[in-house]
Enquirer: 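Before I ask anything, here is the structure I am working with.
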Amino acid sequence: MRSCASVRMSPIARVVFALVIEPLRDGSAIAASSPTMRTADSSSISVNAGRPPRERTRGAAGRGRVGMGAAGRRRVRCRCGRTGMPPAGHHRPLDSRRLTTCPSGRSRGCGASPSACRRAHGSFPADGPLPTFEHPARAPCDGAPARRPRPALRPMSAPSAADPLRIADLPSRVGQTVTLSGWVSHLRSSGKIAFVVLRDGTGLLQCVLSRKEVPEEAWTAFGTLTLETSITVTGSVRADARQVGGVELGVSDLAVIGASPLDYPIQPKEHGVDFLLDNRHFWLRTPRQVAIMRIRHEVEQAIHDFFYERGFLRVDTPILTAAIGERSGLFSTEYFDEGNAYLAQTGQLYGEAAAAAFGKIYTFGPTFRAEKSKTRRHLTEFWMIEPEVAFNDTHANMRLQEDFVSFLVQRCVERRQAELKELERDVSRLEKVKAPFPRIDYTDAVATLQRKGSQVTWGEDLGAEDEALLVEDYETPIFICNYPKEAKAFYMKENPADPRTVLCDDMLAPEGYGEIIGGSQREDDHDKLLHRIREEGLPVEAYSWYLDLRKYGTFVHAGFGLGLERTVAWICGTPHIRECIAFPRMMHRLTP
RNA sequence: GGCCGCGUAGCUCAGCUGGUAGAGCAGGUGACUGUUAAUCACCGGGUCACAGGUUCGAGUCCUGUCGCGGUCGCCA
């Protein structure tokens, strides 16, 4: 496989490269330690399912606590010095109601009704035997030296005067009497004993009321409870091995804060995705959604930590812009006497200006695309992270990308075991995501695809099917680099080794999640850039300031854009990125 | 925008070659002192998206409209 073409540099550029870029490379190693042991039981979720799995809302305390960090099993130390979770025994059989495989090979059935599925494939998932999974073998120890251990995490919700007690704090309070508030997530009653499962955003807590032991008012208050009533409970924390968190609350008093009518839309049962999105403001309260949002939060924090530790400056670029950027659809709005303003499709061009001011920068903000895209990989409003580095060439750019993505994934593996388990993510797939990632030249990719039977010809952009064909041979993300000029944006630098192509890369995530990064070295030659702008039929005036960056002290530079929701969807194993943002904006969805 | 599919109870869905509507869950009432989507018994619940057409008769067949989903393209 041919590697990506190298850049031809002037003598001055070579000096700059040696003085500035090489030292940067050394500093860009990942600081995170990486557990190499396998984790507790998990099962894969097919992203190729014809229909996304139905959300099941689970209110019972028997399910995993959310927001507790890696809880439960003791971490062990390997002889190589790394720490991790001990390997589990066998996975439990998959519950037929939760994940089944239709004979067509698609998860959760072929998407057809049971009778139609039986007609088409001979049987329906519930007919077949339940699959069981052996736990994968322990990863071999490579004898690598121990990394510097990461400092211990502060508890997620350390109690303080300003912060009321939360469910996540209770394991350390066994034997104490506590008062805390939350929402009713589930109710059960057996005449003289009653169970209320309380939810407060940090976890679930089973509260037990014995008729003999609680005041009459509290027992009466229990009778009025409905799903999502907000309540305050007082009781004694006691250890109970049957609860996942290890504790339950023996209630001595209970008071209603705010009632919730009986027609609360989300019930502890299956719902369709469309219904759930109509009720997104309530759907967010459910354990699976809480887990996804906590992982998104972890990824966002990891992004800031990664760049902060490497001396990048965060630059917030404008959301209202003149028409500038990429070719795809724009949302427009009136802008005083200036005509139309457009919602930003990228902060990159501003990022390039900032890179000349600060050296290493990144942007983190919402991005708007008005294309009528209706796929599980697209949103009309999504969040993008766009680093831009002065004096980085395309190779340094890709090294930054693979270090960055490895850091984000390993950070989640390290700190979000509980959430990944709630999502039933196959963590062993994520553990393999470590730099370096394979680099495949576009021209080689086309040859490989043609060998695999694709109809693609040199010069075309690769389709989603082609990308899937390329990714199937790898367990880490891969780079496809140096696409034909015509397939890519005007600002990408011409490849000196093959002027038909540009110095760029797409990073494709494994497991069919597709493109999560698009990056390139930028055209730094004023005349070539001007020529490309004219060639694309773009208004030269609008780009005058952008051209100025090449006129006054032009510089080798490169950057990329990472799609936050696509990255989170891949890490979480969700079939659709709409679950990975609190309030998704799609072609047919503007509310809630 | 192209192609494919869906629209039946509050929710998730059955309803086969046309014969006037079904289940589970949710809700109501009752039973039950350890439940984990608790269980059991009984009860209420429908303009089959909308408009035409074919037919003795349409949830079912045909046409159109509307809404939605999947996929492709665009891209992150």
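Predicted, not measured: the structure shown is a model, and the values here were computed from it. When reading the values below, keep in mind they use all heavy atoms of this one structure, side chains included, and skip hydrogens, waters and symmetry mates. Per chain, numbering begins at 1; letters A, B, ... match sequence-line order.
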Enquirer: A:Phe195 stacking on B:G34: centroids under 5.5 Å, ring planes under 30°?
Expert: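 No, aromatic ring not over the base.
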
Enquirer: What distance, rounded to whole Å, do you find between the two C1' atoms, one in B:A58 and one in B:G2?
Expert: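 Roughly 32 Å separates the two C1' atoms.
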
Enquirer: May I ask you to verify whether the side chain of A:Arg238 and the base of B:G34 hold a donor-acceptor pair under 3.5 Å?
Expert: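 Looking at the base of B:G34, it does pair with a donor or acceptor on the side chain of A:Arg238 (distance under 3.5 Å).
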
Enquirer: When Watson-Crick pairs (N1 to N3 and N6-O4 or O6-N4) and G-U wobble pairs (N1-O2 and O6-N3) count only below 3.5 Å on both distances, what is the dot-bracket string of RNA chain B, with | for other-strand pairs?
Expert: (((((((..((((.....[..)))).(((((.......))))).....(((((..]....))))))))))))....

Enquirer: State, yes or no, whether a side-chain contact exists between A:Ile516 and A:Leu508 at a heavy-atom distance under 4.5 Å.
Expert: no

Enquirer: Nearest-Å distance, OH (A:Tyr362) to C1' (B:A76)?
Expert: 18 Å

Enquirer: Rounding to an integer number of angstrom, what distance separates B:U12 and B:U17 when you compare their C1' atoms?
Expert: 28 Å

Enquirer: Counting only distance, no hydrogens or angles, is the base of B:C75 paired donor-acceptor with the side chain of A:Ser373 under 3.5 Å?
Expert: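 Answer is no: no donor-acceptor pair is held.
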
Enquirer: Given ring pair (Phe, Tyr, Trp, His ring centres under 6.0 Å), test A:Phe364 with A:His304 step by step and report yes or no.
Expert: CA-CA 9 Å; A:Phe364 192 126; A:His304 294 308; 4.9 Å; yes

Enquirer: Let me know the distance between CZ of A:Phe331 and P of B:C74, rounded to the nearest Å.
Expert: 18 Å

Enquirer: Can you figure out which of B:A76, B:C74, B:C68 approaches the side chain of A:Glu371 most closely?
Expert: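 Within the option list, the nearest is B:C74.
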
Enquirer: So which nucleotide from B:U33, B:G73, B:C75 ends up closest to the side chain of A:Thr375?
Expert: B:G73

Enquirer: Classify the side-chain pair A:Glu388/A:Gln348 by whether it contains a donor and acceptor separated by less than 3.5 Å.
Expert: no

Enquirer: Does the side chain of A:His378 get closer than 4.0 angstrom to OP1 or OP2 of B:C72 through an N or O atom?
Expert: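 No, A:His378 has no side-chain N/O under 4.0 Å of OP1/OP2 on B:C72.
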
Enquirer: Report which part of the nucleic acid A:Ile516 touches: base, sugar-phosphate, or nothing (heavy-atom distance under 4.0 Å, all strands).
Expert: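 Since only primed, P, OP1 and OP2 atoms lie under 4.0 Å of A:Ile516, the category is sugar-phosphate.
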
Enquirer: Just checking, is any N or O donor in the side chain of A:Gln206 or A:Arg242 under 3.5 Å from an acceptor N or O on the other one?
Expert: no

Enquirer: Which pairs with one or both residues in residues 205-221 of chain A pass salt bridge (Lys or Arg N to Asp or Glu O under 4.0 Å), sequence neighbours excluded?
Expert: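 The answer is none; no pair qualifies.
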
Enquirer: Please measure how far the C1' atom in B:U20 lies from the corresponding atom in B:U60, and state the result in whole Å.
Expert: 13 Å

Enquirer: Provide the distance between the two C1' atoms, one in B:U8 and one in B:A49, to the nearest whole Å.
Expert: 10 Å

Enquirer: Expressed in whole Å, how much space separates the C1' atoms belonging to B:A41 and B:C32?
Expert: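 Rounded to whole Å, the distance is 12 Å.
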
Enquirer: Starting at NE2 of A:His588 and ending at C1' of B:C66, how long is that distance when rounded to a whole Å?
Expert: 12 Å

Enquirer: On a whole-Å scale, what distance lies between the P atoms belonging to B:A21 and B:U47?
Expert: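 Straight-line distance between the two P atoms is 13 Å.
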
Enquirer: Taking the P atom of each, how far is B:C25 from B:U36, in whole Å?
Expert: 14 Å

Enquirer: Apply ring pair (Phe, Tyr, Trp, His ring centres under 6.0 Å) to A:Phe307 and A:Phe404, showing your working.
Expert: CA-CA 9 Å; A:Phe307 288 123; A:Phe404 180 49; 4.9 Å; yes

Enquirer: NA contact type, A:Ile517, heavy-atom cut-off 4.0 Å: base, sugar-phosphate, or nothing?
Expert: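 Sugar-phosphate only.
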
Enquirer: Rounded to whole Å, please give me the gap between CG in A:Asp274 and P in B:U12.
Expert: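 Checked: the CG to P distance equals 9 Å.
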
Enquirer: Let's see if you can work this out: which of B:A76, B:U33, B:C72 has an atom nearest to the side-chain heavy atoms of A:Lys374?
Expert: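 When the side chain of A:Lys374 is considered, B:C72 is the closest of B:A76, B:U33, B:C72.
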
Enquirer: Using the C1' atom as the point on both nucleotides, what is the distance between B:G15 and B:G46, in whole Å?
Expert: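 These two C1' atoms come out 14 Å apart once rounded.
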
Enquirer: Are any of A:Arg376's side-chain N or O atoms less than 4.0 Å away from OP1 or OP2 of B:C72?
Expert: no

Enquirer: Looking across every strand, which nucleic acid part, if any, lies under 4.0 Å from A:Asp506 by heavy atom: base, sugar-phosphate, or nothing?
Expert: nothing

Enquirer: Looking only at non-hydrogen atoms, find the nearest pair between A:Ala464 and A:Arg377 and report the distance.
Expert: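 Nearest pair, atom of A:Ala464 first, then A:Arg377: CB-NH2, 4.0 Å.
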
Enquirer: Would a 4.5 Å heavy-atom cut-off, applied to side chains only, mark A:Leu423 and A:Arg288 as touching?
Expert: yes

Enquirer: Within residues 455-469 of chain A, which residues have any heavy atom lying less than 4.0 Å from an atom of RNA chain B?
Expert: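 Listed by number, they are A:Asp461, A:Gly463, A:Ala464.
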
Enquirer: Please check if atom CD in A:Glu465 has more than 12 non-hydrogen atoms from other residues, nucleotides or ligands closer than 6.0 Å.
Expert: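 No.
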
Enquirer: Near A:Lys452 NZ, under 6.0 Å, is it more than 12 heavy atoms from other residues, nucleotides or ligands?
Expert: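 More than 12 heavy atoms, drawn from other residues, nucleotides or ligands, come within 6.0 Å of this atom.
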
Enquirer: Separation of A:Leu205 atom CG from B:U35 atom P, in whole Å?
Expert: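 Atom CG in A:Leu205 sits about 18 Å away from atom P in B:U35.
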
Enquirer: Could you tell me the separation between the CZ atom of A:Arg188 and the C1' atom of B:U39, rounded to a whole number of Å?
Expert: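 Whole-Å distance recorded here is 12 Å.
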
Enquirer: Go through B:A76, B:G1, B:U36 for me and flag the one nearest to the A:Phe382 side chain.
Expert: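 For A:Phe382, the side-chain atoms sit closest to B:A76.
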
Enquirer: Given B:G69, B:C75, B:U36, which nucleotide is nearest the side-chain atoms of A:Gln243?
Expert: B:U36

Enquirer: Between the side-chain atoms of A:Glu248 and the base atoms of B:G34, is any donor-acceptor pair under 3.5 Å?
Expert: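 Result: at least one qualifying N/O pair found.
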
Enquirer: If you find the nucleotide of RNA chain B closest to A:Met587 and the one closest to A:Asp240, which residue's nucleotide is nearer the 5' end?
Expert: A:Met587

Enquirer: Check the distance between B:C75's P and A:Lys372's NZ and give it to me in whole angstrom.
Expert: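 So the two atoms are 18 Å apart, to the nearest Å.
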
Enquirer: State whether a side-chain donor-acceptor pair under 3.5 Å links A:Thr367 with A:Arg369.
Expert: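 There is no such pair between these side chains.
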
Enquirer: Separation of A:Leu227 atom CG from B:A26 atom P, in whole Å?
Expert: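 Computing the A:Leu227:CG to B:A26:P distance gives 10 Å.
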
Enquirer: Quick check for you: among B:G1, B:C11, B:G70, whose closest atom lies nearest to any side-chain atom of A:His576?
Expert: B:G70

Enquirer: Just N and O in the side chain of A:Arg377: are any of them under 4.0 Å from OP1 or OP2 of B:C72?
Expert: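 For A:Arg377, the contact criterion (side-chain N or O under 4.0 Å from OP1 or OP2 of B:C72) is met.
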
Enquirer: Should the pair A:Tyr362 and A:Phe312 be assigned to parallel (<30°), tilted (30 to 60°) or perpendicular (>60°) ring geometry?
Expert: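 Because their plane-to-plane angle is over 60°, the rings of A:Tyr362 and A:Phe312 count as perpendicular.
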
Enquirer: Within the structure, does a side-chain N or O atom of A:His271 lie under 4.0 Å from either OP1 or OP2 of B:C11?
Expert: no

Enquirer: So A:Phe490 and A:Tyr543, do their side chains get closer than 4.5 Å, heavy atoms only?
Expert: yes

Enquirer: Report the residue (A:Met507 or A:Arg589) whose heavy-atom-nearest nucleotide on RNA chain B is the more 5′ of the two.
Expert: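 Its nucleotide being nearer the 5' end, the pick is A:Arg589.
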
